[in-house]
2 protein chains.
Amino acid sequence: MDEKIISARTLRRLPVYLHYLNSIQDHCRNISATAISEEFGLNDVQVRKDLNAVSGTGRPKTGYVVTELIAQIESVLDCRTESKTVLVGAGNLGKALLSYEGFRDFGLNIIAAFDNSPTICGTLVNGKPVLPLTDLETVCREKHIQLGIITVPASQAQEICDRLAACGITAIWNFAPTILRVPAGVLVENENLASSLAILSKHLRAEKGGAPT
Amino acid sequence: MDEKIISARTLRRLPVYLHYLNSIQDHCRNISATAISEEFGLNDVQVRKDLNAVSGTGRPKTGYVVTELIAQIESVLDCRTESKTVLVGAGNLGKALLSYEGFRDFGLNIIAAFDNSPTICGTLVNGKPVLPLTDLETVCREKHIQLGIITVPASQAQEICDRLAACGITAIWNFAPTILRVPAGVLVENENLASSLAILSKHLRAEKGGAPT
DNA sequence: TCCTGATCGTTAAACTTTTCACAATTGGAA
DNA sequence: TTCCAATTGTGAAAAGTTTAACGATCAGGA
Ligand SMILES: NC(=O)c1ccc[n+]([C@@H]2O[C@H](COP(=O)([O-])OP(=O)(O)OC[C@H]3O[C@@H](n4cnc5c(N)ncnc54)[C@H](O)[C@@H]3O)[C@@H](O)[C@H]2O)c1
Ligand SMILES: NC(=O)c1ccc[n+]([C@@H]2O[C@H](COP(=O)([O-])OP(=O)(O)OC[C@H]3O[C@@H](n4cnc5c(N)ncnc54)[C@H](O)[C@@H]3O)[C@@H](O)[C@H]2O)c1
């Protein structure tokens, strides 16, 4: 294994590069770090360091071979290996995520959704079954689920989280605005949309206040 | 104005604190930075510095008065001032955002949504009208819209972005997986869900590979 | 063949964020 | 009253991240 330590910051930028590379691969054979940096308004050395962390096959004058770079990023992000996933809470947000195919590119495979509302259970969303919550443990254990998405109301999130962790799930993507307590070894990624909103509000305010941002 | 410079990192943590403070305000009069730090698994000095940036009214031995702290964070985040907002692209994700009331706490007020699909236009989602895209400019100008949410397919995002910017909107919340080019003075906040997914995938992979994370 | 300029990769510097260490304050118990 | 333990606030160290500077490489044209 020629693994280098990839910083979290770099890791977060890789999907962005990957999406861009995919979009240009049909009409570009090579791409330079400089060109990517311009595309994203980043510093070119930063991009070069990011790419160097996953690739190392950049060549002076020509840059990187697009398809090669895609493969290397996909390898680091492990896009080819499917992450077997369940989603709990098939409400508005849950259904949107279930319907979205864009995460397939990153290996996400939602096997099933769970909900405790009888009106939703039994339906299919984007071809994926919504099952009663009581089946959660059985399905997770039988299908060897690795990743759990939580889109239930905040008040229910910790309980769901505990149950997921108890099934051996070690990665949780939490959309509820709560902090979850998990056993060691389980990673929670909180999708905190309010944080982004705070940044935007601040910008609007700064503008009105007079100080340029 | 006794404004201090608040770092972006701090700004992102404030909504998290705020949500927690709101949840405890009924049964707690005071709260210490230490207690908050334990709740979130952060360093206590970091929390103290964050709070100090917005408050400065912490007292030794007792900590902060919860209601006071809430008011101060709300003031910094400018939660009381409504951000007049439009959403473009009333698809799965757009409808989920339209239906969500949680952002009201942060001053978000979605006035209307726009879509170019005739089947969606004219409907109401959570009491909010979905209008034809052709009305975008008129509404934005007449209602003095400040913030735009983009939930259209990636291929359409730049065009929508341009139109929003042309209406004088200076803050854009982009959910499409593209980088948007904007005039100076316009702030784009990209909600990149794939980045979080990358972190989770990496964790799963590291686990299987043997190296503990 | 030999330049030239684009590009890479790396080391060092600048900057940011987090953590540590410690003095200062204060409410309440002895 | 006096002391103690909890807690704040802050300057300095440490860790992490971004930017700058520069030599090395190499494709393609003179
Ligand atoms: N919709 C958004 O745009 C948005 C944005 C940010 C955060 N969130 C958060 O995401 C979560 C879901 O939001 P939403 O808008 O989809 O809400 P929603 O009410 O539409 O959906 C919640 C779903 O969870 C189900 N549910 C409730 N308790 C459950 C339990 N114990 N087990 C299984 N299922 C249960 C409900 O039946 C419902 O279908 C909330 O925590 C919300 O704060 C939503
Ligand atoms: N659904 C998710 O969970 C999710 C997650 C991450 C990112 N995204 C991104 O969010 C965006 C929307 O995703 P979605 O799942 O809601 O897709 P969707 O297809 O359900 O919705 C897109 C909507 O935009 C409308 N639209 C298309 N072109 C338009 C235009 N030029 N002007 C106005 N409206 C237009 C369509 O009519 C449709 O209603 C996409 O860019 C997607 O990549 C979605």
Side-chain angles (χ1 to χ4, degrees), chain A residues 2-17 20-21 24 28-66 68-69 72-73 76 192 195 198-199 202 213, chain B residues 2-17 20-21 24 28-66 68-69 72-73 76 179 190 192 195 198-199 202 213:
Chain A
D2 58 341
E3 315 267 310
K4 306 178 192 176
I5 306 124
I6 299 177
S7 81
R9 285 292 178 84
T10 294
L11 207 49
R12 279 184 189 278
R13 283 189 291 265
L14 291 179
V16 181
Y17 301 152
Y20 173 67
L21 293 171
I24 62 163
C28 293
R29 187 158 197 78
N30 295 289
I31 185 86
S32 74
T34 319
I36 295 178
S37 74
E38 272 160 20
E39 178 70 24
F40 294 105
L42 299 172
N43 180 286
D44 63 331
V45 180
Q46 184 170 65
V47 175
R48 212 165 285 128
K49 284 197 167 161
D50 286 345
L51 297 186
N52 194 236
V54 303
S55 169
T57 60
R59 311 180 61 206
K61 190 79 179 182
T62 48
Y64 296 80
V65 178
V66 175
E68 210 173 284
L69 197 50
Q72 286 161 334
I73 296 179
V76 167
N192 197 338
S195 289
I199 302 277
K202 188 80 191 161
T213 312
Chain B
D2 58 342
E3 314 266 313
K4 307 178 191 176
I5 306 122
I6 299 178
S7 81
R9 284 292 177 85
T10 294
L11 207 51
R12 278 182 190 278
R13 284 188 291 265
L14 291 179
V16 181
Y17 301 152
Y20 173 67
L21 294 170
I24 62 162
C28 293
R29 189 160 197 76
N30 295 290
I31 184 86
S32 73
T34 319
I36 295 177
S37 73
E38 273 160 20
E39 178 68 25
F40 293 104
L42 299 172
N43 179 286
D44 63 332
V45 180
Q46 184 170 67
V47 174
R48 211 165 286 127
K49 287 199 165 158
D50 286 345
L51 297 186
N52 196 236
V54 303
S55 169
T57 60
R59 308 180 62 207
K61 190 79 179 178
T62 49
Y64 296 80
V65 177
V66 175
E68 211 173 284
L69 197 50
Q72 287 161 333
I73 296 179
V76 167
I179 298 299
N190 292 298
N192 197 339
S195 289
I199 302 278
K202 188 78 191 163
T213 313

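All of these numbers come straight from a predicted model, not from anything done at the bench. In what follows, chains carry the letters A, B, and so on, assigned in the order in which the sequence lines appear, proteins first and then strands, with residues in each chain numbered from 1.
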Does the side chain of A:Leu21 reach to within under 4.5 Å of the side chain of A:Ile36, using non-hydrogen atoms?
-> yes
Output all residues satisfying salt bridge (Lys or Arg N to Asp or Glu O under 4.0 Å) with A:Arg12, sequence neighbours left out; order by chain, then residue number.
-> A:Glu189
Sequence neighbours excluded, the answer for side-chain hydrogen bond (donor to acceptor under 3.5 Å, both in side chains) partners of A:Ser55 is A:Thr57, A:Gln72
Side chain to side chain contact (heavy atoms under 4.5 Å, CB included) partners for A:Val65, two or more places apart | A:Asn30, A:Thr67, A:Glu68
When you look at A:Leu11 and A:Leu14, which way does the side chain to side chain contact (heavy atoms under 4.5 Å, CB included) test go after all the steps?
-> CA-CA 5 Å; A:Leu11 207 49; A:Leu14 291 179; 4.0 Å; yes
The side-chain hydrogen bond (donor to acceptor under 3.5 Å, both in side chains) partners of A:Ser37 (sequence neighbours excluded) come to none
Just jot down the side-chain hydrogen bond (donor to acceptor under 3.5 Å, both in side chains) partners of B:Asn190, sequence neighbours excluded, or say none.
-> B:Asn174
Determine which pairs satisfy salt bridge (charged side-chain N to carboxylate O under 4.0 Å, His left out) with at least one residue from residues 32-46 of chain B, sequence neighbours left out, and list them in order.
-> B:Asp44-B:Arg48
For nucleotides 26-30 of chain D, give me every protein contact, N/O to N/O, under 3.5 Å, one pair per line with atom names.
residue : atom : partner : partner atom : Å
D:dA27  : OP1  : A:Arg59 : NH2          : 2.5

Using the 3.5 Å cut-off, write out each protein N or O paired with an N or O of nucleotides 11-18 of chain D and the distance between them.
residue : atom : partner : partner atom : Å
D:dG11  : O6   : B:Lys49 : NZ           : 3.0
D:dA12  : N6   : B:Lys49 : NZ           : 3.4
D:dT17  : O3'  : A:Arg9  : NH1          : 3.2
D:dT18  : OP1  : A:Arg9  : NH1          : 3.4
D:dT18  : OP1  : A:Arg13 : NH1          : 3.2
D:dT18  : OP1  : A:Gln46 : NE2          : 3.3
D:dT18  : OP2  : A:Arg13 : NH2          : 3.1
D:dT18  : OP2  : A:Gln46 : NE2          : 3.0
D:dT18  : O5'  : A:Gln46 : NE2          : 2.9

Would you grab the first and last nucleotide of DNA chain C (5' to 3') that comes under 4.0 Å of any non-hydrogen atom in chain A?
-> C:dG5 to C:dA12
Taking the side chain as every heavy atom from C-beta outward, state whether A:Ile199 and A:Lys202 have any pair of such atoms under 4.5 Å apart.
-> no
Separation of D:dT10 atom C1' from B:Leu51 atom CG, nearest Å, is 15 Å
With sequence neighbours excluded, residues passing side-chain hydrogen bond (donor to acceptor under 3.5 Å, both in side chains) with B:Tyr17 = B:Asp50
Residues passing the salt bridge (Lys or Arg N to Asp or Glu O under 4.0 Å) test with B:Arg29, sequence neighbours excluded, are none
Under the side chain to side chain contact (heavy atoms under 4.5 Å, CB included) criterion, do B:Ile179 and A:Tyr20 qualify, and how do the steps go?
-> CA-CA 9 Å; B:Ile179 298 299; A:Tyr20 173 67; over 6 Å; no
Taking five pairs at each end, how big is the angle between the two axes of the helix from C:dT1-D:dA30 to C:dA30-D:dT1, to 10°?
-> 10°
